[in-house]
Amino acid sequence: MVELDALEATREAYDAAAVTYAQLFSDTLRDSPLDRAMLGVLAEAVSASGDGPVADLGCGPGYITAYLGELGLTAFGVDASPVMIGLARQEYPGLRFDVGSMTALDIADGVLGGVLSRWSVIHTPPPELPVILREFHRVLAPGGHLLIGFSATDEPSVLTQVFDHAVAPAYRWWPDHLAAMLREAGLAEVARMVREPRPTDRRQFREVQLLARKA
């Protein structure tokens, strides 16, 4: 079971930072064509495999969930932070947002066409990540797709690495290592996008997005 103290500490930290977070990041997609492209790929993959609902897990204030809706998906958001969910419901009253934990989702088995995990696992201690990946697999329908984003370590010999984060301690992974963890959870990699850091980025980490499919 994921360490409850770590989950609670992260939840409390995001509750405290929620308003500032929403103000800082609500328009990040505007200047991120690669992110928009990967979300578009997810939308097309979901539509091609049956057009089931999509869960934005770790949705924060809901702006990505709303964008998924603009792409034609039936999307809803889940976040551990009640304050984040309150902001999302206020900003997007026509969409569904639930308070919940990725370690034990209140979602039936095999009902989702897609799962989006956009940097939402970065605060999970690496030994505990398989619990969450198995939950992703459980809620996806056969043929459903997962798009997971994270920051990469710098070399293959460093599989995981902790780094300071403004909200709570966070982790980055070597991409092949996380892809192997996905395979162990029953999710086969379909594609990946790697973005090199821009000179203006505060952290000079590569950003990775992996698209995986449930058999």
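What's counted below: heavy atoms across the whole structure, side chains too, no hydrogens, waters or symmetry copies. Quantities reported herein were computed from a predicted structural model and do not represent experimental measurements.
A 4.5 Å side-chain heavy-atom check between L29 and I64 finds at least one atom pair inside the cut-off. Using a 4.5 Å heavy-atom cutoff, the side chains of M102 and S120 are in contact. A 4.5 Å side-chain heavy-atom check between L39 and Y67 finds at least one atom pair inside the cut-off. At least one side-chain heavy atom of W119 sits under 4.5 Å from a side-chain heavy atom of E207. Annotation: side chain of R11 is in contact with side chain of D15 (closest heavy-atom distance under 4.5 Å). Within the 4.5 Å cutoff, side-chain heavy atoms of V115 are placed close to those of L140. Looking only at side-chain heavy atoms (C-beta outward), T74 and V54 stay at 4.5 Å or farther from each other. I107 has its side chain within reach of L112: a pair of non-hydrogen atoms, C-beta onward, lies under 4.5 Å apart.
Pairs of residues two or more places apart, or lying in two chains, that qualify as ring pair (Phe, Tyr, Trp, His ring centres under 6.0 Å) and include a residue from residues 182-215 are F163-F205.
The minimum heavy-atom distance between A80 and V99, with the atom names listed, is O-CG1, 4.0 Å. P169 and H123 make their closest contact through O-ND1, 2.9 Å (heavy atoms, listed as atom of the first residue, atom of the second, distance). The two residues L95 and A66 come nearest to each other via the heavy atoms CD1-CA, 3.6 Å. In terms of heavy atoms, V208 sits closest to P175 at CG2-CG, 3.8 Å. Taking each heavy atom of V158 and W174 in turn, the nearest pair found is O-CB, 3.7 Å. Across all non-hydrogen atoms, the minimal contact from M84 to P61 is SD-CD, 3.6 Å.
Atom OG in S81 sits 8.0 Å away from atom CG in L87 (nearest 0.5 Å). If you take CG on L182 and CD1 on I148, they are separated by 5.5 Å, rounding to the nearest 0.5 Å.
For D31 and R36, the salt-bridge test fails: no basic side-chain N is under 4.0 Å from an acidic carboxylate O. Salt-bridge formation is detected for the pair D176/R192: a Lys NZ or Arg NE/NH1/NH2 atom is positioned less than 4.0 Å from an Asp or Glu carboxylate oxygen.
The closest donor-acceptor contact from the side chain of E196 to the backbone of R206 lies at 3.5 Å or more, if one exists at all. Here the side chain of R172 pairs a donor or acceptor atom with the backbone of A152 at under 3.5 angstrom. Looking at R89, its side chain never comes within 3.5 Å of a backbone N or O of G94 through a donor-acceptor pair. Side-chain atoms of Q204 come within 3.5 Å of backbone N or O of R198 as a donor-acceptor pair. Between the side chain of D79 and the main chain of G60, a donor-acceptor pair closer than 3.5 Å is present.
More than 12 non-hydrogen atoms from other residues, nucleotides or ligands lie less than 6.0 angstrom from CG of D109.
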* Stepwise, does the side chain to side chain donor-acceptor pair (under 3.5 Å) test hold for D154 with Q161? -> CA-CA 9 Å; D154 298 321; Q161 186 174 40; 5.7 Å; no
* Determine, step by step, whether I85 and F97 satisfy the side chain to side chain contact (heavy atoms under 4.5 Å, CB included) criterion, reporting the C-alpha distance in whole Å, the side-chain angles of both residues, the deciding distance to 0.1 Å, and the verdict. => CA-CA 6 Å; I85 291 298; F97 294 98; 4.0 Å; yes
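Below 30°, between 30° and 60°, or above 60°: for W173 and F150 the angle between ring planes is above 60°, a perpendicular geometry.
Tested against M193 for a side-chain contact (heavy atoms from CB on, under 4.5 Å), the candidates L210, L211, D35 yield a single pass: D35.
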